[in-house]
2 protein chains.
Amino acid sequence: MSEGDLDQALALQARITAFVRAFGLHQPDRTPCGTPVPTSEAHAVGELDRDGPLTQSMLGERLRLEKSTVSRLVSQLTGRGWVRRADRDGDARLVWLELTPDGRRAAGELAVARAARFAALLRNIPAEQRPVVIDALTALVDAAAASDVTGAARG
Amino acid sequence: MSEGDLDQALALQARITAFVRAFGLHQPDRTPCGTPVPTSEAHAVGELDRDGPLTQSMLGERLRLEKSTVSRLVSQLTGRGWVRRADRDGDARLVWLELTPDGRRAAGELAVARAARFAALLRNIPAEQRPVVIDALTALVDAAAASDVTGAARG
DNA sequence: GATCAATGGTTGTATGGTCGAACTAATTGG
DNA sequence: CCAATTAGTTCGACCATACAACCATTGATC
């Protein structure tokens, strides 16, 4: 690896660190979008809203969370009345999760808040640079997934 | 805001969400770089290593953390023997923080691990795209800072 | 100079988050 | 029919954060 590569790695690190802080990704009890909903719950509801009924392990895979964590998360969501644990014909071990009407409403509101937050973010990026930023993030995500040692092995 | 803008906001949201998950930013007790050091401690040590002695409030400002959180964080670090609370001439309210020799060593090791992790990330991005990605992240960080409502007002 | 507001930190309390290990129940394969 | 696997639950340990109440110091005002 050359000097330039190291410089790039350091630059990348600084940017990502800065972004995490600036975007408020540290607050567990609020989404960065300002909604007073715990982040993890927002993520879970979002997945369920987008991709219909899921089992807990499917959800855990998407969120990259351990099954015990998912179990608790789901309990919180059912307690909130947003998610229902529905039994289905077939494998009786599986717990199928689906949003309740309340959950769908909440998911919608969260989506709106999120869109507003990201729209605000976009407004602060020069218009001509926006597609570039999005493409760059795509590359970054792919790279993260490809270079992920810990996450894939865990769980 | 046009339709295209909304699409872009959604795309941006999806990418960032995906990155947070893929990069393992959810683990509080490990850095995403694989070191068994709590993330917040790693951040604090990094700041102190880079920018010399800091007061607690200065550190909190950089990390975007509330003063009580910083106080506890610093206690952990002193307990670990990485940070020293040094008194200095001048304002007696201020607590100046500096790394111990052990702390400097730890900071170095963390920096190495971090660099390795980010280098791995970079390797999975086509070489010609790397500068673009870094520039894009810069724009993103600036935008996040500019569009930050919650963070600036908090604390 | 005495008083009182502002500033920097600490401690207490309440949430929220994550994992790994031990355990149960259901399924699948020999 | 029993063993290994798979899906989830519960428990324990740890980490992260904020807000409020409190203390000490400082600095400004009178």
Side-chain angles (χ1 to χ4, degrees), chain A residues 20-21 23-32 34-44 53-61 63-80 83 85-97 150-151 153-155, chain B residues 20-21 23-32 34-45 53-80 83 85-97 150-151 153-155:
Chain A
V20 167
R21 289 180 198 164
F23 199 59
L25 254 26
H26 278 313
Q27 261 73 349
D29 55 341
R30 283 162 186 70
T31 67
T35 0
V37 174
T39 330
S40 60
E41 297 189 18
H43 281 221
L54 297 173
T55 66
Q56 289 197 185
S57 44
M58 288 157 77
L59 182 58
E61 205 167 324
L63 302 180
R64 304 271 201 143
L65 294 174
E66 220 269 340
K67 58 183 181 171
S68 63
T69 306
V70 176
S71 177
R72 254 195 13 173
L73 180 52
V74 169
S75 296
Q76 288 169 334
L77 288 169
T78 57
R80 217 184 259 273
V83 166
R85 280 181 162 107
D87 284 328
R88 265 190 180 182
D89 294 344
D91 195 328
R93 289 169 303 182
L94 302 182
V95 174
W96 286 92
L97 306 171
T150 60
R154 193 177 50 232
Chain B
V20 167
R21 291 180 197 162
F23 199 59
L25 254 25
H26 277 313
Q27 261 76 346
D29 56 342
R30 286 164 185 67
T31 67
T35 358
V37 174
T39 330
S40 60
E41 298 190 18
H43 282 221
V45 166
L54 297 174
T55 67
Q56 289 197 185
S57 45
M58 289 158 76
L59 182 58
E61 204 167 324
R62 284 154 186 265
L63 303 180
R64 304 269 200 145
L65 293 174
E66 217 270 340
K67 58 181 181 170
S68 63
T69 306
V70 176
S71 176
R72 259 183 272 272
L73 182 51
V74 169
S75 296
Q76 287 169 336
L77 288 169
T78 58
R80 218 184 258 275
V83 167
R85 280 180 163 107
D87 284 326
R88 266 192 181 182
D89 294 344
D91 195 329
R93 291 169 300 182
L94 303 182
V95 174
W96 286 92
L97 306 171
T150 60
R154 193 178 48 236

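Chain identifiers are assigned alphabetically (A, B, ...) following the order of the sequence lines, protein sequences preceding nucleic acid strands; residue numbering begins at 1 within each chain.
- B:Thr55 comes within 4.0 angstrom of sugar-phosphate atoms only, judged by non-hydrogen atoms across all strands, and of no base.
- For A:Arg93 and D:dT6, a side-chain-to-base donor-acceptor distance below 3.5 Å is present, hydrogens and geometry of angles not being considered.
- Residue B:Leu65 is in sugar-phosphate contact alone, with no base atom involved, counting any heavy-atom pair closer than 4.0 Å across all strands shown.
- The side chain of A:Ser71 contributes no N or O atom lying less than 4.0 Å from OP1 or OP2 of D:dG8.
- Atom-to-atom, CD of B:Glu66 to P of C:dT15 comes out at 17 Å; the value is rounded to the nearest Å.
- The shortest distance between the side-chain N/O atoms of B:Ser57 and the OP1/OP2 oxygens of C:dG9 is below 4.0 Å.
- Side-chain atoms of A:Arg72 and base atoms of D:dG8 include no donor and acceptor less than 3.5 Å apart.
- The closest side-chain heavy-atom distance from B:Arg80 to B:Glu41 is below 4.5 Å.
- Dashed line: the shortest gap from a side-chain N or O of A:His26 to OP1 or OP2 of D:dT17 is under 4.0 Å.
- The interatomic distance linking B:Leu25 (CG) with D:dT17 (P) rounds to 12 Å, in whole Å.
- Look at CD on B:Gln76: it is 9 Å from C1' on D:dA16, rounded to the nearest Å.
- B:Gly60 comes within contact range of no nucleotide atom at all, as no heavy-atom separation falls under 4.0 Å.
- Taking atom CZ of residue A:Arg21 and atom P of nucleotide D:dA16, one finds them 14 Å apart after rounding to whole Å.
- Nearest nucleotide to the B:Ser68 side chain, out of C:dG9, D:dT25, C:dG12: C:dG12.
- Side-chain proximity of B:Gln56 to C:dT10, D:dT25, D:dA7: nearest is C:dT10.
- The interatomic distance linking A:Leu73 (CG) with D:dT9 (C1') rounds to 14 Å, in whole Å.
- B:Arg85 has a side-chain polar atom (N or O) that falls below the 4.0 Å cut-off from OP1 or OP2 of C:dT10.
- Residues A:Ser75 and A:Leu94 each lie close to DNA chain D; by heavy-atom proximity, the contact nearer the 5' end of the strand is made by A:Leu94.
- An OP1 or OP2 oxygen of D:dA16 is reached within less than 4.0 angstrom by no side-chain nitrogen or oxygen of B:Gln27.
- Computed from coordinates, the B:Leu77 CG to C:dT10 P distance equals 13 Å when rounded to whole Å.
- Listed for the B:Ser57 side chain is no donor-acceptor partner under 3.5 Å among the backbone atoms of B:Lys67.
- As judged by a 4.0 angstrom heavy-atom cut-off over every strand, A:Thr69 is placed among the base-contacting residues.
- Rounded to whole Å, the distance from NZ on B:Lys67 to C1' on C:dG12 is 14 Å.
- In this structure, the CZ atom of B:Arg64 is 17 Å from the C1' atom of D:dA16, given to the nearest Å.
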